[in-house]
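Single-structure report; data block below.
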Amino acid sequence: MLGLTVIFVAMFYFGGEVPNAAYTTPVYTDSLIQWAKALFIITVGLSILFPVLQIVSDPKGAILGLAGLAGLGLIILVAYSLSDGTLLNLPGYTGEDNNVGALKFADTILYTMYILGVGAIVSIVVTETLRKFR
């Protein structure tokens with residue numbers, strides 16, 4: 001998945017631009033967005049599947065899995081509350097994706113990614129710092 005993500009990002013940045021567009025628009029923007037949606041759906045699915053499997057295999061230890069799932073839900077809820085559905089002023093754009101639902105979804109995905117990314121970096125730094133003191 002990481003390799004595919006690198007390929008999609010490279011296509012986005014180096015794949016050229018849409019001809020005759022009002023603004024600079026990379027050709028593979030839709031492909032990158034669809035890949036991000038697919039990764040999001042896979043993540044949500046696995047985040048639900050693994051706690052369910054843990055409940056089945058170890059009911060007593062399932063509390064930690066459910067706590068992780070609740071934490072992820074809380075992060076998504078915070079990201080959704082931070083998101084904005086204000087319609088964008090895009091001269092020359094006639095598509096149907098400039099609507100409140102799509103904009104709130106995109107913002108939620110971005111804020112979730114930011115929160116989880118910062119959390120991952122902080123956890124790496126804290127773990128390594130604690131390892132040095134042990």
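Fair warning: this is a prediction, and the values are worked out from it, not measured in the lab.
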- Do the side chains of Met1 and Val9 join up, straight or via other hydrophobic residues, at under 4.5 Å, putting them in one cluster? yes
- Item | Smallest separation among heavy atoms of Val100 and Gly85, with atom names | CG2-O, 3.5 Å
- Looking at side-chain heavy atoms only, is the closest gap between Ile76 and Thr108 below 4.5 Å? yes
- Message: As a quick check of understanding, evaluate side chain to side chain contact (heavy atoms under 4.5 Å, CB included) for Arg131 and Glu128, giving each step before the final call.
- Response: CA-CA 5 Å; Arg131 188 175 294 163; Glu128 291 300 320; 3.2 Å; yes
- Item | Val118 with Val126, same ILVMFWY side-chain cluster at under 4.5 Å | yes
- Around atom OH of Tyr114, are there more than 12 heavy atoms of other residues, nucleotides or ligands at under 6.0 Å? no
- Query: What are the two closest heavy atoms between Leu88 and Asn98, and how far apart are they?
  - Reply: O-ND2, 2.7 Å
- If you group Ile, Leu, Val, Met, Phe, Trp and Tyr by side-chain heavy-atom gaps below 4.5 Å, do Leu39 and Leu4 land in one group? yes
- Query: Honestly curious: do Leu130 and Ile124 fall in one hydrophobic cluster under the side-chain, below-4.5 Å linking rule?
  - Reply: no
- Task: Step through the shown structure and confirm whether more than 12 heavy atoms of other residues, nucleotides or ligands are within 6.0 Å of CD on Glu96.
- Result: no
- Report yes if some heavy atom in the side chain of Leu87 is under 4.5 Å from a heavy atom in the side chain of Leu103; otherwise report no. yes
- Heavy-atom side-chain contact between Trp35 and Phe12 under 4.5 Å: no
Just list the side-chain donor-acceptor pairs under 3.5 Å for residues 13-34, sequence neighbours left out, or say none.
| unit_1 | atom_1 | unit_2 | atom_2 | d |
| --- | --- | --- | --- | --- |
| Thr25 | OG1 | Tyr23 | O | 3.0 |
| Thr29 | OG1 | Pro26 | O | 2.9 |

- Message: Same cluster or not: Val56 versus Phe50, using hydrophobic residues (I, L, V, M, F, W, Y) connected whenever any side-chain heavy atoms lie under 4.5 Å apart?
- Response: no
- Taking the side chain as C-beta and beyond, is there a heavy-atom pair between Leu69 and Ile48 under 4.5 Å? yes
- Answer yes or no: are there more than 12 heavy-atom neighbours, outside Tyr80 itself, under 6.0 Å from its atom OH? no
- Quick one: CG on Leu77 to CG on Leu72, what's the gap to the nearest 0.5 Å? 11.0 Å
- Message: If I take atom CG from residue Asp107 and atom CG from residue Leu82, how far apart are they, to the nearest 0.5 angstrom?
- Response: 9.0 Å
- Query: Just how far is it from atom CZ of Phe105 to atom CG of Leu110, taken to the nearest 0.5 Å?
  - Reply: 10.0 Å
